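Positions are given from 1, in the same order as the sequence printed here. Counting starts at 1 for both ligands and their atoms, in listed order. Just so it is clear, the structure is predicted and the values come from calculations on it, not from any experiment.
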Amino acid sequence: MTRSNAVYKNSVYREPGPPLDEENPFEAMVKRFDVAAQILELEEGFYEYLVAPSRIHITAIPVVMDTGKIKMFEGYRVIHSDIRGPSKGGIRYSPDVNLEEIKALAAWMTWKCAVVDVPFGGAKGGVRCNPKEMSPGELERLTRRYTANLIDVFGPDRDIPAPDMNTNEQIMAWILDTYSMNARRTENAVVTGKPIALGGSQGRREATGRGVMTVTMAAMARLGMRAAESSVAVQGFGNVGSVTANLLNQNGCSIVAVSDVTGGYYNKGGLDITALLEYVAGSGGTLEGYPDAESITNDELLTLNVDILVPAAKEDQITKKNAGNIKAKIIAEGANGPTTPKADEILSDNGCLVIPDILANAGGVTVSYFEWVQDRQGYFWTEDRVNRRLDRMMHAAFEVVFDASEKHGVSLRIGAYVVGIDKVAAALRLRGIYA
Ligand code: NAD
């Protein structure tokens with residue numbers, strides 16, 4: 001098959017402009033998109049249409065702080081695509097939030113929803129703030145005003161937020177309430193990842209880690225690896241990392257190292273995950289001081305001699321600097337964007353199978369979709385039903401992506417982009433361009 005570059009010459013993301021900065025997450029996304037788009041031979045104009053965010057909202061949020069003074073915060077909501085359905089994506093609160101990161105995360109949501117075949121587009125939101133320095137009252141006022149400013153953007157048929165870094169069930173409950181007060185009716189399908197008492201789903205909290213476990217086991221089966229002989233290191237022991245570690249352990253793997261912001265904890269003979277979970281629950285959420293392990297750095301954790309590595313903390317952790325020293329046979333990306341494009345090339349040359357974020361951590365949005373369906377039906381499922389349906393969808397997505405990567409002779413990451421972009425492009429072709 002001959003591949004023409006003609007389409008890409010006119011791309012707004014190519015000419016003019018400096019070379020791609022691969023640690024800029026949006027450009028890292030564009031770099032993978034380029035390769036998949038060439039394989040798909042997207043028609044002219046589709047490239048520009050599909051890669052660019054559809055709408056970007058930037059909003060100034062005034063908050064009366066506990067001191068009585070007004071403080072301004074900057075908030076974002078990026079709708080990358082609503083071609084396949086209402087847009088879906090989390091909201092993060094962090095001092096590092098910036099537009100490039102939110103644009104990348106929104107685009108990943110578009111491809112992720114298409115890969116697992118849930119009928120959503122992609123979005124992401126964020127507020128630049130330091131939630132650790134804010135009181136619950138300040139966080140509530142910030143959340144309510146951010147929601148009020150974006151009231152015309154959100155909605156169960158428009159754009160549906162969920163929790164992400166430093167946001168949680170309580171923050172979703174405040175969004176639900178603010179939206180509902182303005183809509184003059186209770187609208188629980190406007191957010192997912194909310195408390196069960198307000199229409200949340202059984203199994204949502206564990207869904208992302210459960211999905212990571214499912215695709216990791218599927219990859220192990222493809223490579224002929226046995227759980228009982230496989231060792232695992234997990235970077236990040238928060239929601240995704242701790243659930244993944246626990247479930248892989250229940251399936252027979254030995255978890256030899258875990259880490260969080262306080263550092264890494266290693267035990268060659270295998271860590272006791274139940275004891276770790278209890279320790280974290282009793283210590284205000286960190287692993288600091290955990291006794292039954294050797295202390296290692298986060299960098300050492302990534303390059304340990306293990307079979308499976310699960311980065312489940314944050315972006316840009318596996319780079320050209322450390323990729324050459326990674327020994328794992330499988331990397332399952334619990335986090336969004338943990339591997340840079342340069343690192344991908346090195347890992348691929350070394351024969352490491354990377355299960356990409358847009359497949360590996362798609363369990364969260366899959367159960368968010370179940371939550372939205374349950375809210376709209378007013379009929380709630382058992383945890384067992386949620387988990388069975390999740391496992392089925394994650395298995396199916398893994399097989400489709402694996403087959404696409406074999407068919408085109410590319411990595412699982414590019415295979416996942418090919419599957420995701422192809423579905424969005426097919427929907428766009430059918431809808432046509434409104435004029
Ligand atoms: P979380 O806040 O519950 O946990 C993050 C963990 O990473 C914490 O243990 C934290 O201490 C640790 N950490 C932070 N910086 C670190 C570093 N430099 N080295 C080692 N550990 C570090 O967050 P989460 O919900 O588990 O999300 C983790 C990642 O997974 C993020 O990239 C998020 O976008 C992604 N993700 C989460 C979900 C979800 O449903 N929660 C869904 C899809 C993707």
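Aromatic rings from Tyr417 and Phe33 are positioned such that their centres are separated by 6.0 Å or more. The distance between the ring centers of Tyr290 and Tyr279 falls below 6.0 angstrom.
The protein heavy atom nearest to atom 33 (C) of ligand 1 is Asn336 ND2, 4.0 Å. The protein atom (non-hydrogen) at minimum distance from atom 27 (O) of ligand 1 is Val240 CG2, 3.9 Å. Of the protein's non-hydrogen atoms, Asn239 N, 4.6 Å is the one closest to atom 23 (O) of ligand 1. When only non-hydrogen protein atoms are considered, atom 42 (C) of ligand 1 lies nearest to Thr208 OG1, 3.3 Å. For atom 4 (O) of ligand 1, the nearest protein heavy atom (residue, atom name, distance) is Gly238 CA, 3.2 Å. Closest to atom 31 (C) of ligand 1 among all protein heavy atoms lies Ala313 O, 3.5 Å.
Between Val261 and ligand 1, a contact under 3.5 Å exists for at least one N or O pair. Taking distance alone, with nitrogen or oxygen atoms compared against 3.5 Å, Lys112 stays at or beyond that limit from ligand 1. Between Lys314 and ligand 1, a contact under 3.5 Å exists for no N or O pair. Ligand 1 has an N or O atom lying under 3.5 Å from an N or O atom of Asn298, backbone or side chain.
Judged by the 6.0 Å distance and 45° axis criteria, Arg388 is not positioned over the aromatic ring of Trp381.
Atoms of ligand 1 lying under 4.0 Å from at least one heavy atom of Ser259, given by number and element, are 20 (C). Within the listing of ligand 1, atoms 9 (O) sit less than 4.0 angstrom from a heavy atom of Phe237. Near Ala335, meaning under 4.0 Å from any of its heavy atoms, are these atoms of ligand 1: 29 (C), 30 (O), 32 (O), 35 (C).
For the pair Gln235 and ligand 1, a heavy-atom separation below 4.0 Å is found.
Comment: Arg222 engages Asp403 in a salt bridge, judged by a side-chain N to carboxylate O separation of less than 4.0 angstrom. Looking at Glu315 and Arg92, a side-chain N of the basic residue comes within less than 4.0 Å of a carboxylate O on the acidic one, giving a salt bridge. Ion pairing between a basic and an acidic side chain is recognised when a charged N comes within 4.0 Å of a carboxylate O; Lys112 and Asp357 show no such pairing. Salt-bridge check for Arg413 with Glu333: passed, with a basic side-chain N closer than 4.0 Å to an acidic carboxylate O. Lys320 has no carboxylate O lying under 4.0 Å from a charged side-chain N of Asp344, or vice versa, which leaves the two without a salt bridge. At a threshold of 4.0 Å, the pair Lys88-Asp159 does not count as salt-bridged, since none of the basic side-chain nitrogens sits closer than that to a carboxylate oxygen. In this structure, Glu169 does not pair ionically with Lys194, as no charged nitrogen and carboxylate oxygen lie closer than 4.0 Å. Taking 4.0 Å as the cut-off between side-chain N and carboxylate O, Arg144 and Glu140 count as a salt-bridged pair. Remark: Glu345 does not engage Lys342 in a salt bridge, criterion side-chain N to carboxylate O under 4.0 Å.
Contacts with ligand 1 closer than 4.0 Å are made by side-chain heavy atoms of Asp164 only, the backbone lying farther away. At a heavy-atom distance under 4.0 Å, no atom of Glu333 approaches ligand 1. Using a 4.0 Å cut-off between heavy atoms, Ala207 makes no contact with ligand 1 at all. When heavy-atom distances to ligand 1 are checked against a 4.0 Å cut-off, Arg92 comes that close only through its side chain, counted from C-beta outward.
Distance check on atom 2 (O) of ligand 1: every protein heavy atom falls at or beyond the 4.0 Å cut-off.
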